[in-house]
Enquirer: 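Below is the structure I would like to discuss, written out as structure tokens.
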Amino acid sequence: MTRALQVLIVDDEAGIRRSLSAILDDEGYRVLTAADGAECMRAMDAEAVDLVLLDIWMEGRDGIAVLKDIKAQHPAVPVVMMSGHGTIETAVSALKLGAYDYLEKPLSLDRVTLTVEHALTESKLARENRQLKRQVENRLRMVGDSPVMQRLRAQIVRVAASCARTLITGPNGSGKELIARALHENSPRRAQPFVEINCAALPEPLIESELFGYQKGAFSGADRAKPGMFELADHGTLFLDEVGDMSLSTQARVLRVLQEGRFQRLGDTEPRAVDVWIIAATNRDLRQAIGAGQFREDLFFRLNVIPIEAPALSERRDDIPALVAHFAERAAREQGLPAKAFSPEVIQALQDAPWPGNVRELKNIVERLMILSLGNRIDIADLPDEMSAARRPAAGYAGLPLREARDLFETEHIRQALDACEGNISRAAERLGVERSNLSKKIRQLGIPPDPSGR
Ligand SMILES: Nc1ncnc2c1ncn2[C@@H]1O[C@H](COP(=O)(O)OP(=O)(O)OP(=O)(O)O)[C@@H](O)[C@H]1O
Ligand SMILES: [Mg+2]
């Protein structure tokens, strides 16, 4: 259920307060009243006011002064001014100070209700807009302060300033698309379009018509002309995602655009000039694809002016707690879930997991935990089995003698710490809170291979 909208009437004449209250009450609003500026500010501090009707000529502080206070302290609340002796200049100065509109006394019932309705609709739209914008910004936020991420951020800012062609590589779900968007948002082109095409998701014939557009009659079914993405991205950025999946014929056409800065729609003879910043991304090894004859070397060099590497999540495990908090908060907000606390053991288990699916996999797991876990705390038992087995000795070791169970647990636990520290025994010892010499001894006793890849 939505609450009734609250309108605050500020007027020093009791008669006006009463008659306006009656009108607005009939319209279904909750009405508050104030006889002067001080009462008005007190009411706004105490209650969620959605709109203020404010008299200009009042004893004491006049309406213009009160308007300034409202705009300073509650800038999002729309204010409609009222005056019996209103001059155009006062109205104009009130509007300049941020008043939504102006009503002249004697008040006409229709004008009052219409103006109030419009002001409320408009401020609701403005609020929704702000919320959407915040949501988008939040989705685009790059979380993480590890040295790897700090370097990546600095690199993004530098490359964005130059709009040099960039090829982003990196494993699945490591944030390549996010990097492409961050490049655009940090570039001088940020107010221009960001257009993306996923070359792996579209069937080959569609890719060309999407990229270059077509003229009416270019092929059967082309019953009207359509601009392609190169045109739509003019002055902006074109993101060629999964560029490694582009066919050789499309590669040849794209290469020509990059060389000449011009292209033709399918079925057109007229070349069109475009100014687009090309950012490409792939999780394939393009050099290997070149060797296999699947990717043009000349196109590779054109695209790969600046290489950017999206780091695997396992290279920046320090960021995992912040990422978990970010995705948990986002899931709570977007899905209307209550906030939940992740136990330190869960955070540790997540920091130690291998993450072949990188940030996307982490995001999915956090969302799943938020949705599926009961109560407001997420514990080891809530984790998927493969992540929690080593941390829940009782589960896998039922029936074993204590000593064997302990050895098994220690083996697994130490192995994970070593994995997390790339086999570095000193760092693993620090992480486990034991002396390096003790850890070495344990490793020998338990027969754990020193190299994590040798497991
Ligand atoms: N540093 C980060 N901070 C916050 N969210 C991130 C970060 N990196 C990636 N993500 C999120 O992880 C998910 C996967 O990222 P993205 O789609 O950019 O990866 P990708 O490398 O393009 O994946 P794929 O290889 O599957 O195309 C997205 O939801 C993205 O918002
Ligand atoms: Mg992607």
Side-chain angles (χ1 to χ4, degrees), residues 132-157 159-160 166-187 194-202 207 210 229 233 237-246 278-286 288-289 295 303-304 306-335 342 347 350-351 353-371:
L132 275 178
K133 199 157 163 256
R134 257 204 309 275
Q135 247 180 37
V136 169
E137 277 166 6
N138 197 32
R139 278 169 187 276
L140 289 182
R141 229 179 83 210
M142 247 184 188
V143 176
D145 245 333
S146 58
V148 184
M149 281 303 282
Q150 288 180 15
R151 244 176 291 132
L152 179 61
R153 277 209 190 83
Q155 193 182 16
I156 287 173
V157 170
V159 175
T166 303
L167 177 65
I168 307 166
T169 53
N172 285 326
S174 56
K176 296 185 291 298
E177 183 175 338
L178 204 60
I179 293 174
R181 289 178 185 276
L183 283 167
H184 177 76
E185 288 304 319
N186 281 283
S187 80
F194 176 90
V195 177
E196 69 171 301
I197 178 167
N198 186 328
C199 306
L202 287 174
I207 292 186
E210 287 287 315
M229 289 180 164
T237 304
L238 178 60
F239 177 42
L240 301 174
D241 201 2
E242 315 287 0
V243 74
D245 291 80
M246 216 181 241
I278 305 270
I279 302 175
T282 181
N283 51 24
R284 292 185 61 185
D285 180 347
L286 287 188
Q288 196 191 336
F295 203 84
L303 293 175
N304 192 33
I306 310 277
I308 291 187
E309 174 88 31
L313 185 55
S314 57
E315 289 170 36
R316 51 187 197 100
R317 294 180 182 278
D318 291 351
D319 290 337
I320 288 178
L323 283 163
V324 171
H326 171 70
F327 292 132
E329 189 267 333
R330 201 167 114 184
R333 190 163 27 76
E334 289 180 6
Q335 318 213 22
F342 285 65
I347 297 287
L350 294 175
Q351 270 190 297
W355 300 121
N358 296 295
V359 186
R360 176 175 302 112
E361 188 185 5
L362 175 65
K363 172 172 166 278
N364 290 344
I365 288 203
V366 170
E367 281 172 3
R368 206 159 72 205
L369 289 171
M370 288 293 289
I371 293 169

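Counting convention: from 1, in listed order, for ligands and their atoms alike. Heavy-atom basis, side chains included; hydrogens, waters and symmetry copies ignored.
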Enquirer: Exactly one of Ile278, Ile197, Thr282 should register a side-chain contact (heavy atoms from CB on, under 4.5 Å) with Val243. Which one does?
Expert: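 So the option named by the test is Thr282.
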Enquirer: Mind checking whether Ile156 and Ile179 have side chains closer than 4.5 Å, heavy atoms only?
Expert: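 Yes. Closest side-chain heavy atoms under 4.5 Å.
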Enquirer: Would a 4.5 Å heavy-atom cut-off, applied to side chains only, mark Glu242 and Asn283 as touching?
Expert: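 Yes. Closest side-chain heavy atoms under 4.5 Å.
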Enquirer: Are any non-hydrogen side-chain atoms of Glu196 and Glu177 less than 4.5 angstrom apart?
Expert: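 In short, these two side chains touch, coming nearer than 4.5 Å.
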Enquirer: Would you mind reporting whether Leu323 and Arg316 have side-chain heavy atoms less than 4.5 Å apart?
Expert: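 Result yes, sub-4.5 Å side-chain heavy-atom pair found.
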Enquirer: Please say whether more than 12 non-hydrogen atoms of neighbouring residues, nucleotides or ligands are located less than 6.0 Å from CD in Gln288.
Expert: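 Atom CD in Gln288 is not crowded, with 12 or fewer foreign heavy atoms closer than 6.0 Å.
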Enquirer: Under a 4.0 Å heavy-atom cut-off, which residues neighbour ligand 1?
Expert: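 Residues within 4.0 Å of ligand 1: Arg141, Met142, Val143, Met149, Pro171, Asn172, Gly173, Ser174, Gly175, Lys176, Glu177, Leu178, Glu242, Asn283, Arg316, Leu323, Phe327, Val359, Arg360, Lys363.
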